[in-house]
Amino acid sequence: MNKPSNSITRSKQYLFTNDKNTDVCGFFCGIRGHAYCNQKTPSIAAGMDEQALLGLNPNADSDFRQRALAYFEQLKISPDAWQVCAEALAQRTYSDDHIKFFCFQVLEHQVKYKYSELTTVQQQLIRETLVSWLQAQMLNPQPEKTFIRNKAAQVFALLFVTEYLTKWPKFFFDILSVVDLNPRGVDLYLRILMAIDSELEARRNTLIKDTMREQCIPNLVESWYQILQNYQYTNSEVTCQCLEVVGAYVSWIDLSLIANDRFINMLLGHMSIEVLREEACDCLFEIVNKGMDPVDKMKLVESLCQVLQSAGFFSIDREEDVDFLARFSKLVNGMGQSLIVSWTKLIKNGDIKNAQEALQAIETKVALMLQLLIHEDDDISSNIIGFCYDYLHILKQLTVLSDRQKANVETIMLAVMKKLTYDEEYNFENEGEDEAMFVEYRKQLKLLLDRLAQVSPELLLASVRRVFSSTLQNWQTTRFMEVEVAIRLLYMLAEALPVSHGAHFSGDVSKASALQDMMRTLVTSGVSSYQHTSVTLEFFETVVRYEKFFTVEPQHIPCVLMAFLDHRGLRHSSAKVRSRTAYLFSRFVKSLNKQMNPFIEDILNRIQDLLELSPPENGYQSLLSSDDQLFIYETAGVLIVNSEYPAERKQALMRNLLTPLMEKFKILLEKLMLAQDEERQASLADCLNHAVGFASRTSKAFSNKQTVKQCGCSEVYLDCLQTFLPALSCPLQKDILRSGVRTFLHRMIICLEEEVLPFIPSASEHMLKDCEAKDLQEFIPLINQITAKFKIQVSPFLQQMFMPLLHAIFEVLLRPAEENDQSAALEKQMLRRSYFAFLQTVTGSGMSEVIANQGAENVERVLVTVIQGAVEYPDPIAQKTCFIILSKLVELWGGKDGPVGFADFVYKHIVPACFLAPLKQTFDLADAQTVLALSECAVTLKTIHLKRGPECVQYLQQEYLPSLQVAPEIIQEFCQALQQPDAKVFKNYLKVCDNIEKLHAD
């Protein structure tokens, strides 16, 4: 082994001639006035809490861990307790790694959040602590653990970004003076550099980068070169770290410092050293990725390629190290994409000569690209896809393709088809990380296929047809992965060759004919019986994707329906296939509902057993989960509603579908009322909820063209309502039962129209009993829906339940909660929003008399809550709603014939609210919702002016605004803006921050 030469030492003596004092401790002591190294810092209080520190051990029990956490919080809050940690680090008081890490965490918090609060002396102490710790690392018999070194590097980096521009411009010179040639020191120096790069990227701090470029980057680059030269044969870990640093910094430093003969030659040399070549590859990738002049970039890439090719790196088949090849593939991808960027820029600039050279350079890399794309390792293949995709984009732009380029397109196409194929090892029943990665890889390949279709759609269609036809002819003797990919390619053509509204079987005759031929083969070949889940699923996915085929050749519908309904689909041995098929069957029937009439009753009979509600006690494992059954119920509903049967027959079929649910529901509800065991109660409630959900789902089949009434099904759903509503009075499992019935009511309000109204008062009464915030939040939208839909029809009901609802809301809002209970605070905030949304719905639906008829005291109470919502709560969404309510009430009641006392309320409360809200500290106009709230505030003031006229302006000019001590000229300006006919003028006036601030009292 060669020993590191002392050239780095000589280099540093040359590099740091600006720094006359290389003894950093002495340098710091000169500033501070005493030598930190020779004089102990006085111990703060009684030192560290040794008992609390025991909790830092990963094996400590929860009490000790809690104590350690509390101690950490205590040290963070304390103005000077961090000094105990600084002392412990500088004097190496503790040998326990977790305590050292803890001390660095405390210092990190101090530098990150409280540094500006420290005195100059305290700031100096932190600098000294870190440098003293760094010096100690040079002498330690063993290096610190990696996690400690990384945390130390983070603290150094935080201090650097805080102090470099002001108090510590010689940061790097001082660090390097300490670490010198010591490999441990170099390791820390490189970790600090990486941490600094991360901080600069996170903060997007261009000023520090600019200053570094001016003051120290050339010196840093020189230090990297010396490190690489000295350690490349003796310390691979340090060398790899240094290559990582070069790769990180090259994106924002002068490239000529790195992209020169001595550096590039060294990096190319590293490409031949097994332990270095992966990092060298990544470093070269970052150099190639650096933005630069297109011609210069082309020359750099070409020179690199020549050297790599002559060194044998382009001979992919000879390389067995797949990890290296994955990095090399990424490098080739970077070089290819860089050349394409150069070509694009040169074409844009009209430099045809150099653009032609760039294109030629790209073409010479395609053979290598194809070798990497087709490689059996998916990581290697995946890393080159970007280059491949961009190359196809170039070909798409060319008017004529050469024979070579056409051959490349075909080769890429065949490569994609081959690489789409599953491996033998793919685990379909228990998909893990490897399987997820292959799924993502397939998505990348699909993008390539889409791009291929843009370059040559005819070639793609012909290639897929050839592969599909040859595979399907012999599917019985072909491996599953080849059959799956053949069907998958047909499926992918639907997006690769896009058409409007899935009209693949009309228009272009040759394309329609080819697709029609393939679909006919798919559904008649018997491949749906293939004994592998991937093939089965791909069959059903493709059948549904090309559902328009069955309008062209409807004779194939029966055999596909049978595939859905038998052991190939809904009764398949795999739960995964059954589940997916349930969804796809629903889609298939919905899209072809006009063709389904001859098969409706047969389908309903065949799915009868799949519709059964499985109570918890029967122990029978249902074929479908409850979620899957939802799709089957919806499908049944669609078949019945869209059939050509008369209304009487539709009603009979719907009753046959829903009666078993109702009967089971009654039995299960009785069982729930008697159940003692909580687990059994929960499972029964779940089952009841499923029953309600299934009935709800059938109603999704109705539409404006096919209403419940027109189909004669009103009576069936009213019976359902009568069956389900008693669940609201069940004292057990209230949350789940109420949720299900509430959802059903939402659906019935849409479907049954006014026939649902007699059920609402009783349902509401039950749902308002023993309410929590969440219950009310979910109940209010139901009332809003009824109010908005039926308006005056529900006025008596609303007047009756208005105050009980408000009392329930106020009672929940007034309940005490823990100060730090974020969940309770959020629940209350959401309930407040729901409450204001309810008032908005009532006023916006022309139902203000509902509020007016509640008695003067209650009306005032409601109005005050709206004022509070507009001003006091820092929630712009609620504030916006409150101003909408106030604006509407002023519009309805603010005229001369409005309710007695409302005009006084306008001037005493509404007008002040319009000024107090925007003047709150929490009213942040940088927030989009707050801007909307301000806009509604402006509308409220405009509405007051509209209803009260000159009286409003006089009040503002002579009473209200002077009481806020607003200057007369500002009052004049404000009132002029308010009186502008165009409301936008006043809105825009208020939106200007200065105009709001001008209204603030001095």
Side-chain angles (χ1 to χ4, degrees), residues 24 72 76 82 85-86 89 100-118 122-131 133-134 137 144-179 185-221 223-224 227 238 240-254 257-258 279 282-283 286 289-291:
V24 180
F72 181 53
K76 285 198 302 188
W82 59 269
C85 296
L89 285 171
K100 294 178 198 172
F101 186 80
F102 176 82
C103 290
F104 272 119
Q105 279 186 302
V106 174
L107 279 189
E108 178 186 33
H109 184 270
Q110 202 66 30
V111 175
K112 200 169 187 176
Y113 300 109
K114 295 192 165 186
Y115 201 68
S116 60
E117 299 170 18
L118 302 181
Q122 288 174 320
Q123 290 175 354
Q124 183 63 26
L125 173 61
I126 290 181
R127 285 196 291 276
E128 291 172 3
T129 298
L130 291 178
V131 174
W133 177 86
L134 187 61
Q137 302 317 298
E144 295 285 11
K145 293 276 179 23
T146 304
F147 70 93
I148 296 175
R149 283 180 275 160
N150 285 339
K151 181 54 72 178
Q154 285 174 4
V155 180
F156 270 103
L158 285 169
L159 197 58
F160 168 81
V161 294
T162 307
E163 296 223 316
Y164 177 64
L165 296 175
T166 51
K167 297 179 181 174
W168 203 354
K170 290 161 75 179
F171 176 90
F172 292 110
F173 300 102
D174 295 337
I175 299 297
L176 273 166
S177 298
V178 172
V179 303
V186 172
D187 170 274
L188 283 161
Y189 164 60
L190 295 171
R191 288 177 195 276
I192 290 167
L193 283 170
M194 287 304 294
I196 286 171
D197 181 67
S198 295
E199 277 297 319
L200 294 178
E201 288 304 308
R203 298 176 186 224
R204 301 190 181 282
N205 196 318
T206 53
L207 182 58
I208 291 181
K209 286 183 179 179
D210 290 342
T211 309
M212 285 177 68
R213 280 188 280 257
E214 282 176 28
Q215 294 181 358
C216 66
I217 287 295
N219 305 99
L220 295 185
V221 172
S223 75
W224 303 337
I227 290 167
V238 163
C240 286
Q241 274 182 274
C242 193
L243 289 170
E244 191 182 355
V245 167
V246 174
Y249 279 74
V250 78
S251 66
W252 57 272
I253 66 174
D254 180 0
L257 294 169
I258 304 293
E279 282 299 341
D282 285 349
C283 190
E286 295 298 340
N289 244 20
K290 168 86 170 176

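Because only heavy atoms are used, hydrogens play no part in the values below, and waters and symmetry mates are left out as well, while side chains stay in.
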Phe156 and Trp133 aromatic ring geometry - parallel, tilted or perpendicular at 30°/60° bounds: tilted
Neighbour count >12 (heavy atoms, 6.0 Å) for atom OH, Tyr113: no
Neighbour count >12 (heavy atoms, 6.0 Å) for atom NZ, Lys145: no
Any non-hydrogen side-chain atom of [X] less than 4.5 Å from a side-chain atom of [Y]?
X: Leu125; Y: Trp82; result: yes
X: Val221; Y: Trp224; result: yes
X: Leu130; Y: Phe104; result: yes
X: Val161; Y: Asn205; result: no
X: Asp187; Y: Gln137; result: no
X: Asp254; Y: Ile217; result: no
X: Asn150; Y: Phe101; result: no
X: Leu257; Y: Tyr249; result: no

So which heavy atom on [X] is nearest to which on [Y], and how close?
X: Val246; Y: Cys283; value: CG1-SG, 3.5 Å
X: Leu190; Y: Val238; value: CD1-O, 3.6 Å
X: Tyr164; Y: Ile208; value: CD2-CG2, 4.0 Å

Main chain of [Y], side chain of [X]: is a donor-acceptor contact present, judged purely on distance under 3.5 Å?
X: Glu286; Y: Ser251; answer: no
X: Lys151; Y: Cys103; answer: no
X: Tyr115; Y: Leu158; answer: no

Counterpart residues, salt bridge (Lys or Arg N to Asp or Glu O under 4.0 Å), relative to Arg203 (two or more places apart): Glu199
Pairs where residues 152-163 contributes a residue and the test salt bridge (charged side-chain N to carboxylate O under 4.0 Å, His left out) is met, not counting sequence neighbours: Arg127-Glu163
To the nearest 0.5 Å, what is the distance between [atom1] on [X] and [atom2] on [Y]?
X: Leu243; Y: Asp282; atom1: CG; atom2: CG; result: 9.0 Å
X: Leu193; Y: Leu188; atom1: CG; atom2: CG; result: 11.0 Å
X: Phe173; Y: Cys216; atom1: CZ; atom2: SG; result: 6.0 Å
X: Gln105; Y: Gln154; atom1: CD; atom2: CD; result: 9.5 Å

Name of the residue among Thr206, Asp210, Asp197 meeting side-chain hydrogen bond (donor to acceptor under 3.5 Å, both in side chains) with Trp252: Asp197
side-chain contact (heavy atoms from CB on, under 4.5 Å) assessment of Leu220 paired with Met212: CA-CA 10 Å; Leu220 295 185; Met212 285 177 68; 4.1 Å; yes
Residues Arg191, Glu244: salt bridge by 4.0 Å N-O rule: no
Aromatic centroids of Phe160 and Phe172 separated by under 6.0 Å: yes
